[in-house]
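A short write-up of the structure that comes next.
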There are 2 protein chains.
Amino acid sequence: MAKAKRVLKWQRDPEGMRIRILEAAKQEFSAHGLAGARVDRIAANAGANKRMLYYHVGNKEDLYLEVLEGAYEQIRAEERTLDLEHLDPPKAIERLIDFTWNYFIRNPEFLALLNTENLAKARHLKRSTKVKSMHSPFVEMIRTVVNRGVESGDFRVAVDPVQLYISIAGLCFFYLSNSATLSVIFGRDLLKKEARDERLAHMVALVLAALTGKSTADFGKPKPAGLRAAAIQPV
Amino acid sequence: MAKAKRVLKWQRDPEGMRIRILEAAKQEFSAHGLAGARVDRIAANAGANKRMLYYHVGNKEDLYLEVLEGAYEQIRAEERTLDLEHLDPPKAIERLIDFTWNYFIRNPEFLALLNTENLAKARHLKRSTKVKSMHSPFVEMIRTVVNRGVESGDFRVAVDPVQLYISIAGLCFFYLSNSATLSVIFGRDLLKKEARDERLAHMVALVLAALTGKSTADFGKPKPAGLRAAAIQPV
DNA sequence: CGAGAAATTAACCCGTTGGATAAATACTGT
DNA sequence: ACAGTATTTATCCAACGGGTTAATTTCTCG
């Protein structure tokens with residue numbers, strides 16, 4: 001019997017709604033920063049009413065913090081799958097660089113969120129119990145790799161793993177996070193495939209050369225001068 | 001004849017006013033970003049009326065661009081005084097790192113402005129004829145140093161000077177620009193004197209080791225484990 | 001010294017924005 | 001089927017913030 005199904009004006013979907021809100025908020029905050037983000041735009045992009053944000057999450061800052069915490073959770077989760085313990089030390093470092101680089105490329109919002117949070121002097125992160133309790137074994141993982149490398153003779157010196165981690169992250173982060181201004185200033189597109197490949201090779205070569213003392217082929221390889229003769233300028 | 005000098009309500013000082021406005025704007029934009037900056041606050045901190053901003057410079061975005069251009073001009077000017085040509089290659093690289101590092105420390109607003117501009121995808125910089133015409137001989141300077149180093153046998157490989165510059169800038173920039181979040185996450189103050197000194201030594205050692213193939217004493221030197229046992233976590 | 005230009009102040013305008021209130025609609029268990 | 005609750009929509013609003021208008025004061029130069 002054709003029971004005329006009544007057409008609903010809307011359906012309930014609290015979990016889905018929450019996810020859509022947080023995803024929209026992530027895009028908005030990473031695209032415009034905390035102050036530049038618009039609550040109405042988040043709602044619209046989440047396919048929701050503005051009131052929903054306050055119902056499901058809280059005010060703008062709560063929303064922002066939740067997004068930030070989510071971003072940290074995500075990278076921590078992926079880090080845990082890295083297990084560098086089974087690789088020989090140089091391979092492990094290469095893999096670490098490769099992972100960091102590609103994670104940043106795949107998640108440009110993460111970079112923007114970190115910049116936004118640093119503009120705020122980590123004010124929200126300090127408040128977050130969640131992030132502080134997310135102890136990652138990452139640095140210890142690196143320490144182990146370095147120690148193994150020294151013992152095996154692959155590495156010449158026992159570098160501080162925290163410094164090494166910051167260096168690797170910095171090499172990747174700065175290039176990608178500042179690619180817009182750098183591209184203008186150097187007059188070339190730093191995000192195109194070839195440029196990205198070249199950068200990865202450079203970083204791996206730089207770090208491994210410093211650790212092992214052996215230079216790799218890719219380390220040098222300056223591009224033909226003509227290609228970057230035009231606008232050459234730093235920062 | 002006691003001519004009762006009339007007390008003025010205010011004095012004219014267009015140049016001074018302009019300077020104070022731009023300085024206040026630099027502080028405001030670097031502290032809050034473009035969207036977070038408040039025109040009234042800039043006026044107040046410049047000891048001026050809000051109308052003055054529009055009279056002397058233009059609207060908020062004009063003001064921002066002028067600040068950004070000024071920041072670039074300033075670092076370019078200091079770069080030009082570096083002349084690395086007279087130093088032997090390893091010393092020249094060390095000096096370059098040292099300069100970059102200390103410039104960033106002395107001018108934290110510069111870092112924040114760059115981040116803000118990158119959040120805007122370099123939208124303003126692209127519009128700026130000024131910055132694009134500020135051709136700096138900086139990269140050529142680095143190229144010369146590298147070439148000299150290769151010829152003298154100090155350096156093992158001819159690294160691309162653009163990559164090298166981005167790497168050096170990145171090592172410095174990321175550490176300082178992200179010091180707030182990193183300090184929370186690693187649970188230690190990355191900006192205190194000892195930490196800064198340690199970082200500089202690490203960067204110099206890392207880059208020189210990669211270039212020369214000789215490791216320096218400072219490269220390793222991990223801190224006693226107890227000092228950083230507590231909260232160890234990356235990014 | 002006085003008129004016109006330059007610099008500065010004071011007050012206002014109006015769209016935007018974060019947030020709040022209240023009403024409507026869809027579910028759920030009984 | 002229906003009462004009660006969870007979820008969503010529809011409006012509203014007060015503060016804020018960038019920008020403007022108009023009047024006021026100081027300076028300059030003939």
Side-chain angles (χ1 to χ4, degrees), chain A residues 1 3-29 31-68 116 120 123-124, chain B residues 1 3-29 31-68 116 120 123-124:
Chain A
M1 180 185 328
K3 178 168 71 177
K5 179 78 178 4
R6 163 139 159 263
V7 58
L8 299 179
K9 292 189 180 171
W10 45 271
Q11 308 163 36
R12 288 185 173 187
D13 180 16
E15 304 84 3
M17 176 65 89
R18 191 161 207 281
I19 290 171
R20 272 166 18 226
I21 287 172
L22 288 174
E23 178 57 32
K26 177 154 102 180
Q27 295 307 321
E28 180 71 13
F29 285 124
H32 304 285
L34 178 51
R38 292 294 164 258
V39 171
D40 299 271
R41 223 154 33 196
I42 294 173
N45 289 331
N49 187 289
K50 184 168 56 163
R51 178 69 178 78
M52 291 286 83
L53 313 190
Y54 295 91
Y55 181 76
H56 286 284
V57 183
N59 64 23
K60 193 182 180 184
E61 293 225 332
D62 294 339
L63 196 51
Y64 167 78
L65 179 55
E66 196 115 344
V67 166
L68 187 64
T116 291
R123 181 161 41 98
H124 313 85
Chain B
M1 189 208 304
K3 179 168 70 175
K5 178 77 184 350
R6 161 134 161 268
V7 57
L8 298 178
K9 294 187 182 169
W10 45 270
Q11 307 163 38
R12 287 185 175 187
D13 180 17
E15 302 86 2
M17 176 64 91
R18 190 161 208 282
I19 290 170
R20 276 172 4 227
I21 287 173
L22 288 174
E23 178 58 31
K26 178 154 99 181
Q27 296 307 322
E28 180 72 12
F29 285 125
H32 304 284
L34 177 50
R38 292 294 165 255
V39 171
D40 298 270
R41 221 151 39 193
I42 294 174
N45 289 332
N49 186 289
K50 182 167 58 164
R51 179 68 178 79
M52 292 285 82
L53 313 190
Y54 295 89
Y55 183 74
H56 286 285
V57 184
N59 63 23
K60 192 182 181 183
E61 293 226 332
D62 294 340
L63 197 50
Y64 166 78
L65 179 56
E66 195 116 345
V67 165
L68 187 65
T116 292
R123 182 161 41 99
H124 312 86

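Chain letters run A, B, ... following the sequence lines, proteins first, then strands; residues in each count from 1.
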Determine to 10° how strongly the helix from C:dC1-D:dG30 to C:dT30-D:dA1 is bent, judged from the axes of its five-pair ends.
->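 Roughly 10° between the end axes, to the nearest 10°.
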Which of residues 59-67 of chain A sit near DNA chain C, with a heavy atom under 4.0 Å from it?
-> A:Asn59, A:Lys60
Mind checking side-chain contact (heavy atoms from CB on, under 4.5 Å) for A:Glu61 and listing every partner two or more places apart, or none if nothing turns up?
-> A:Leu34, A:Asn59, A:Arg123, A:His124, A:Arg127
Apply side-chain contact (heavy atoms from CB on, under 4.5 Å) to B:Arg41 and list each qualifying residue two or more places apart in sequence or on a separate chain.
-> B:Glu28, B:His32, B:Arg38, B:Asn45
Could you tell me how far apart [X] ([atom1]) and [N] ([atom2]) are, to the nearest whole angstrom?
{"X": "B:Tyr54", "N": "D:dA22", "atom1": "OH", "atom2": "P", "result": "18 Å"}
{"X": "B:Asp40", "N": "C:dC12", "atom1": "CG", "atom2": "P", "result": "16 Å"}
{"X": "B:Leu53", "N": "D:dG18", "atom1": "CG", "atom2": "P", "result": "10 Å"}
{"X": "B:Lys50", "N": "D:dT21", "atom1": "NZ", "atom2": "P", "result": "14 Å"}
{"X": "B:Leu8", "N": "C:dA7", "atom1": "CG", "atom2": "P", "result": "16 Å"}
{"X": "B:Glu28", "N": "D:dG17", "atom1": "CD", "atom2": "P", "result": "10 Å"}
{"X": "B:Arg18", "N": "C:dA6", "atom1": "CZ", "atom2": "C1'", "result": "15 Å"}

Base-contact (B) and sugar-phosphate-only (S) positions in nucleotides 3-9 of chain D, heavy-atom cut-off under 4.0 Å, - elsewhere = --BBBBB
Quick one: does A:Leu68's side chain get under 4.5 Å of A:Phe29's, heavy atoms only?
->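 Result no, sub-4.5 Å side-chain heavy-atom pair not found.
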Side chain proximity check, A:His56 to A:Tyr54, heavy atoms < 4.5 angstrom |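 A side-chain contact is absent here, since even the closest heavy-atom pair is not under 4.5 Å.
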Exercise: identify the closest heavy-atom pair between B:Ala43 and B:Asn49 =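 Taking every non-hydrogen atom into account, CB-C, 3.8 Å.
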Please report the closest heavy-atom contact between A:Ala24 and A:Ile42, naming both atoms and the distance.
-> CB-O, 3.5 Å
Mind checking what makes salt bridge (Lys or Arg N to Asp or Glu O under 4.0 Å) contact with B:Asp40, not counting sequence neighbours?
->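 If we apply the salt bridge (Lys or Arg N to Asp or Glu O under 4.0 Å) test to B:Asp40, skipping adjacent residues, the hits are B:Lys50.
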What is the nucleic acid contact for A:Ala37, judged by heavy atoms within less than 4.0 Å: base, sugar-phosphate only, or nothing?
->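 Contact class for A:Ala37: sugar-phosphate only.
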Hey, can you pull the donor-acceptor pairs under 3.5 Å for the side chains in residues 14-22 of chain B, sequence neighbours left out?
from	atom 1	to	atom 2	distance (Å)
B:Arg18	NH1	B:Glu66	OE2	3.2
B:Arg18	NH2	B:Glu66	OE2	2.6
B:Arg20	NE	B:Ala46	O	3.0
B:Arg20	NH2	B:Ala46	O	3.3

The side chain to side chain donor-acceptor pair (under 3.5 Å) partners of B:Glu23 (sequence neighbours excluded) come to B:Gln27
